[in-house]
Amino acid sequence: MSAVGGGGVNVFRCVRPLFNRGALSPSLPTLAAGCNRGRTVRTRSGAGKLVRNAEDKKTVICIEGNIASGKTTCLEYFSKTSNIEVFTEPVSKWRNVCGHNPLALMYQDPERWGITLQTYVQLTMLDRHLSSTSASVRMMERSIFSAKYIFVENLFRSGKMPAVDYAVLSEWFNWIITNISIPVDLIVYLQTSPQTCHERLKQRCREEEKVIPLEYLESIHQLYEDWLIKKTTVPLPAPILVIPADHDLQKMLHQYEKNRDRILAADRL
Ligand SMILES: Nc1ncnc2c1ncn2[C@@H]1O[C@H](COP(=O)(O)OP(=O)(O)O)[C@@H](O)[C@H]1O
Ligand SMILES: Nc1ccn([C@H]2C[C@H](O)[C@@H](COP(=O)(O)O)O2)c(=O)n1
């Protein structure tokens, strides 16, 4: 998978009128800045949502779930299937951008660094959504939608993100989803208890996450449940398949196999 600013050639075309964009610039944001990882900036050719000709026809499946719920493990399982390309979350970038570690900074001081991490998450997730693949099915870990609806929302609601930071991030997010086509065919929600995730998180032992208390996972869990199960917050970008995921690894692999056809038929839902 490419670095931000790497990857294949993206070809955009415009398909439908924009709604009023106010004073914002009509050109696409540069998808790379700093670290000399530059990629060509594409400008729109007229008023409309930017879509990618071939890539928009691929089936897109997003695996969603709490921290350490087993998303990467699930992706790893499906990566062995021909015609599926998996795109894990770019966590390594979040831990190292030009030698800085915004993930660690965010956990140390969310009020100061939450905006920094989440701005970068938004950029790198957009890059993931727009990256090219030769496979007919693209399976992604999380999405630009959960980055905003779960993590940014959690920081703001818990009083750890200043209102001005939340407003700026929200404007960015709204601009992106209004102006760029980000198709998703299916959301697979790995539904776990926060306690299970806490256990798995401790077992995984990622340095930055050692400070995460159970309460943090409970908040993330609640937001996921409100969004994907109760459907009381924001509209779903795609149909949803819920897979209970508290089970041991062997049973989970069995569950994935059992749901294989439903998952891969996502474009026919
Ligand atoms: N079903 C399972 N039972 C027990 N441990 C699991 C299971 N699935 C994953 N793990 C372990 O839990 C940790 C987190 O899993 P991971 O797939 O990295 O989660 P995520 O990508 O959602 O953060 C890893 O150490 C992984 O090996
Ligand atoms: N928008 C986001 C997305 C993820 N994170 C954090 C949460 C974890 O510490 C790490 C990776 O998540 P995982 O794949 O292990 O569930 O990144 C965040 O803070 N904001």
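Start at 1 and go down the list; that is how both ligands and their atoms are numbered.
Applying the side chain to side chain donor-acceptor pair (under 3.5 Å) criterion to Thr119, with sequence neighbours excluded, gives no partner residue.
The number of heavy-atom neighbours closer than 6.0 Å to NZ of Lys58, taken from other residues, nucleotides and ligands shown, is above 12.
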Apply ring-ring contact (aromatic ring centres under 6.0 Å, His included) to the pair Phe173 and Tyr166, showing each step before the final yes or no. CA-CA 10 Å; Phe173 175 76; Tyr166 179 74; over 10 Å; no
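Taking a heavy-atom cut-off of under 4.0 Å, ligand 1 is surrounded by Asn66, Ala68, Ser69, Gly70, Lys71, Thr72, Thr73, Glu141, Arg200, Gln203, Arg204, His247, Asp248, Leu249, Met252.
We find that Arg95 and Glu207 are not joined by a salt bridge, their nearest charged nitrogen and carboxylate oxygen being 4.0 Å or further apart.
Residues Asp185 and Thr59 bring no donor and acceptor atom of their side chains to less than 3.5 Å of each other. Under 3.5 Å, the side chains of Asn66 and Thr192 contain no donor-acceptor pair of N or O atoms.
Counting only residues at least two apart or in different chains, side chain to side chain donor-acceptor pair (under 3.5 Å) contacts with residues 219-230 comprise Glu64-Tyr224, Arg142-Tyr224, Tyr189-Glu225, Gln191-Glu225, Gln222-Asp226, Asp226-Lys230.
Among all heavy-atom pairs drawn from Ile220 and Ile150, the shortest one is CG2-CG2, 3.8 Å. Tyr107 and Glu208 make their closest contact through CD1-O, 3.5 Å (heavy atoms, listed as atom of the first residue, atom of the second, distance).
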Distances for all N or O pairs of ligand 2 and the protein under 3.5 Å?
{"from": "ligand 2", "atom 1": "1 (N)", "to": "Gln118", "atom 2": "OE1", "distance (Å)": "3.1"}
{"from": "ligand 2", "atom 1": "9 (O)", "to": "Tyr107", "atom 2": "OH", "distance (Å)": "2.6"}
{"from": "ligand 2", "atom 1": "9 (O)", "to": "Glu209", "atom 2": "OE2", "distance (Å)": "2.5"}
{"from": "ligand 2", "atom 1": "12 (O)", "to": "Glu89", "atom 2": "OE1", "distance (Å)": "3.4"}
{"from": "ligand 2", "atom 1": "12 (O)", "to": "Arg142", "atom 2": "NH1", "distance (Å)": "3.4"}
{"from": "ligand 2", "atom 1": "14 (O)", "to": "Glu89", "atom 2": "OE1", "distance (Å)": "2.5"}
{"from": "ligand 2", "atom 1": "14 (O)", "to": "Glu141", "atom 2": "OE2", "distance (Å)": "3.2"}
{"from": "ligand 2", "atom 1": "15 (O)", "to": "Arg204", "atom 2": "NH1", "distance (Å)": "3.1"}
{"from": "ligand 2", "atom 1": "15 (O)", "to": "Arg204", "atom 2": "NH2", "distance (Å)": "2.9"}
{"from": "ligand 2", "atom 1": "15 (O)", "to": "Arg206", "atom 2": "NH1", "distance (Å)": "3.2"}
{"from": "ligand 2", "atom 1": "16 (O)", "to": "Lys71", "atom 2": "NZ", "distance (Å)": "2.8"}
{"from": "ligand 2", "atom 1": "16 (O)", "to": "Arg142", "atom 2": "NH1", "distance (Å)": "3.2"}
{"from": "ligand 2", "atom 1": "16 (O)", "to": "Arg142", "atom 2": "NH2", "distance (Å)": "2.9"}
{"from": "ligand 2", "atom 1": "20 (N)", "to": "Gln118", "atom 2": "NE2", "distance (Å)": "2.9"}

